[in-house]
2 protein chains.
Amino acid sequence: MNMVISVKISTKGRYALRLMVDLAQRKPGENVALKEVAARQEISLKYLEQIITVLTKAGYVLSTRGSNGGYRLAHSPEYYTVGMILRLTEGSLAPVACLEGEENTCDRREQCATLFVWEKLQKAIDDVVDNITLADIIANSADNYVI
Amino acid sequence: MNMVISVKISTKGRYALRLMVDLAQRKPGENVALKEVAARQEISLKYLEQIITVLTKAGYVLSTRGSNGGYRLAHSPEYYTVGMILRLTEGSLAPVACLEGEENTCDRREQCATLFVWEKLQKAIDDVVDNITLADIIANSADNYVI
DNA sequence: TGTTTTCCTACAAGTTAAATAGGTTATTGT
DNA sequence: ACAATAACCTATTTAACTTGTAGGAAAACA
């Protein structure tokens, strides 16, 4: 049967991660036109533009306009965790709203028997995404290229 | 701004869990009218009816019609894991579609550098939800009742 | 000046979440 | 018998969100 819990990562987050990995695989400081990334990753250019806007505004990538322009990472691949990228593009990674912030704590919090389940879940999720960097992803994918 | 939660458990799954915990806190074999659960948990009765239908059809709860009727657990609280309940009510979606089953493996699978991230995430989530039972939840919430 | 590329804003089809609504059938107490 | 109760069944709704498309403006370079 092999059923799975519905923990959906949207295309926005997934594409953002693939985009960042793509940039990380280039020479440091080299400008990469989004058009190229779109072609390589088979993602719509216009959609990628929207996604990278967020990454640019957060200072994760640097941009250069005009011909020979493009994007490049602001830091080395070791710097970026999956969590940083997903939180930025997906929003909070909390499994339930009441874990998201002070403003979302519900009235039932004290009586809520299930709260500790969500807390455990959140810790497990954070533990994964905060301990994988772009460098890890690249290293791992390199292992898969069997000659 | 109210940004979207990406790794999110829907109300359906959350309510199902609260419903099951509520039933588990009753005397074994005692019929509990859904109306009571709805009042206690402050959830719409009509919405709960839809949710418990799934649990009933799966054989997780037993139902009795008519006055003095209601619902009761088919097994003891130790039997039910959070994973069982969430998978049933949330559906069978993986963090990403390509992990869902044979039929969804995408063309890019071999080149997909990010796949192992989603695999790790899935394992971490499964590890949490498959190792907490209704009995654990009840035991834990009992600890919180400070006199 | 023309080309390239980032940047900005709007819109839209499709899907899903989260209920609401209104009834039917079975069982039990009176 | 009959009213009350509670499960059961099916349809509809509303709003939000996803997943893009679309069209152009501004900047840089050759």
Side-chain angles (χ1 to χ4, degrees), chain A residues 6-19 23 30-39 41-72 74 86 89-92 95-97 106, chain B residues 1-19 23 30-72 74 86 89-93 95-97:
Chain A
S6 137
V7 179
K8 295 172 222 159
I9 306 287
S10 74
T11 57
K12 212 161 187 174
R14 268 153 44 213
Y15 291 176
L17 189 56
R18 277 165 61 186
L19 170 56
L23 292 183
E30 180 192 8
N31 276 331
V32 183
L34 206 55
K35 199 177 164 185
E36 294 173 35
V37 180
Q41 299 294 328
E42 299 174 81
I43 301 171
S44 145
L45 171 63
K46 283 294 188 179
Y47 196 25
L48 269 187
E49 282 183 350
Q50 288 176 33
I51 291 168
I52 207 162
T53 297
V54 182
L55 296 164
T56 308
K57 284 187 176 157
Y60 287 11
V61 301
L62 304 174
S63 65
T64 311
R65 286 178 154 199
S67 56
N68 284 344
Y71 297 94
R72 62 197 184 282
L86 290 187
T89 50
E90 294 273 307
S92 156
V96 293
C106 83
Chain B
M1 214 14 203
N2 194 28
M3 284 185 104
V4 185
I5 315 160
S6 66
V7 183
K8 163 189 144 181
I9 306 289
S10 74
T11 57
K12 213 160 188 176
R14 267 154 43 213
Y15 290 175
L17 189 56
R18 277 166 62 185
L19 170 55
L23 292 182
E30 182 192 7
N31 276 330
V32 184
L34 206 54
K35 199 177 162 185
E36 294 173 34
V37 180
R40 238 186 334 258
Q41 299 294 328
E42 298 174 81
I43 301 171
S44 146
L45 172 62
K46 285 294 189 181
Y47 196 25
L48 270 187
E49 283 184 351
Q50 289 178 32
I51 292 167
I52 206 162
T53 297
V54 182
L55 297 164
T56 309
K57 285 186 176 159
Y60 287 12
V61 302
L62 303 174
S63 65
T64 310
R65 287 180 151 201
S67 56
N68 284 343
Y71 297 93
R72 63 197 184 282
L86 291 187
T89 50
E90 292 276 309
S92 57
L93 289 175
V96 291

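To find a chain, count down the sequence lines: A is the first, B the second, and so on, and within it residues start at 1.
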**Prompt:** Between atom CD in A:Q41 and atom P in D:dT19, what is the gap in whole Å?
**Reply:** 17 Å
**Fill in**
Winner on side-chain proximity to B:Q50, out of D:dC8, D:dA11, D:dA30, is D:dA11
**Message:** Is there a side-chain contact between B:S67 and the phosphate of D:dA6, meaning an N or O under 4.0 Å from OP1 or OP2?
**Reply:** no
**Prompt:** So, do A:T11 and A:R14 sit near enough that their side-chain heavy atoms are less than 4.5 Å apart?
**Reply:** yes
**Request:** Figure out the CD1/P separation between B:I51 and D:dA7, and round it to whole Å.
**Result:** 14 Å
**Fill in**
Checking C:dT5, D:dT5, D:dG23 against the side chain of A:K35 (C-beta onward), the nearest is C:dT5
**Message:** Please report the distance, rounded to the nearest Å, between CZ in B:R65 and C1' in C:dT24.
**Reply:** 8 Å
**Asked** B:L48 has an atom CG; how far is it from atom C1' of D:dC8, in whole Å?
**Response** 14 Å
**Message:** Any side-chain N or O of A:S63 below 4.0 angstrom from OP1/OP2 of C:dC7?
**Reply:** yes
**Message:** So A:V61, base contact, sugar-phosphate only, or nothing? Heavy-atom distance under 4.0 Å.
**Reply:** nothing
**Asked** Do the side chain of A:K12 and the base of D:dG20 come within less than 3.5 angstrom through a donor-acceptor pair of N or O atoms?
**Response** no
**Complete:** Residues A:G59 and A:A74: closest non-hydrogen pair is O-CB, 3.3 Å
**Message:** Does a side-chain N or O of B:N68 approach OP1 or OP2 of C:dG29 to a distance below 4.0 Å, or not?
**Reply:** yes
**Request:** Determine the minimum heavy-atom distance between B:I51 and B:A16, stating which atoms define it.
**Result:** CG2-CB, 3.7 Å
**Message:** Applying a 4.0 Å non-hydrogen cut-off, can you work out what A:T53 is touching in the nucleic acid: base, sugar-phosphate, or nothing?
**Reply:** nothing
**Prompt:** Counting side-chain heavy atoms from CB outward, which of C:dC7, D:dC8, C:dA19 is closest to A:T56?
**Reply:** C:dC7
**Message:** If you compare every side-chain N and O of A:T64 against the phosphate oxygens of C:dT5 (OP1, OP2), does one of them come in below 4.0 Å?
**Reply:** no
**Prompt:** Tell me: OH of B:Y47 to C1' of D:dC8, nearest whole Å?
**Reply:** 18 Å
**Message:** Rounded at 0.5 Å granularity, tell me how far CG in A:L34 sits from CD1 in A:I52.
**Reply:** 5.0 Å
**Request:** Provide the closest heavy-atom pair for B:R72 versus B:E30 in the form atom of the first, atom of the second, distance.
**Result:** CB-O, 3.5 Å
**Prompt:** Does the A:R18 side chain pair with the main chain of A:Q41, one donor and one acceptor, at a distance under 3.5 Å?
**Reply:** yes
**Item:** Shortest side-chain distance from B:Y15, nucleotide among D:dA6, C:dA19, D:dA30
**Value:** C:dA19
**Request:** Could you check how far NZ of B:K46 sits from P of D:dA11, rounded to whole Å?
**Result:** 15 Å
**Message:** Please pick, from D:dC9, C:dA18, C:dC8, the nucleotide with the shortest atom-to-atom distance to any side-chain atom of B:K57.
**Reply:** D:dC9
**Request:** Send over the distance from B:E49 CD to C:dG22 P, rounded to a whole Å.
**Result:** 14 Å
**Message:** Just N and O in the side chain of B:S44: are any of them under 4.0 Å from OP1 or OP2 of C:dT20?
**Reply:** yes
**Message:** If I take atom CG in residue A:N31 and atom P in nucleotide C:dC7, what distance separates them, rounded to the nearest angstrom?
**Reply:** 11 Å
**Request:** State which of C:dC7, D:dC8, C:dT6 makes the closest approach to the side chain of A:L34.
**Result:** C:dT6
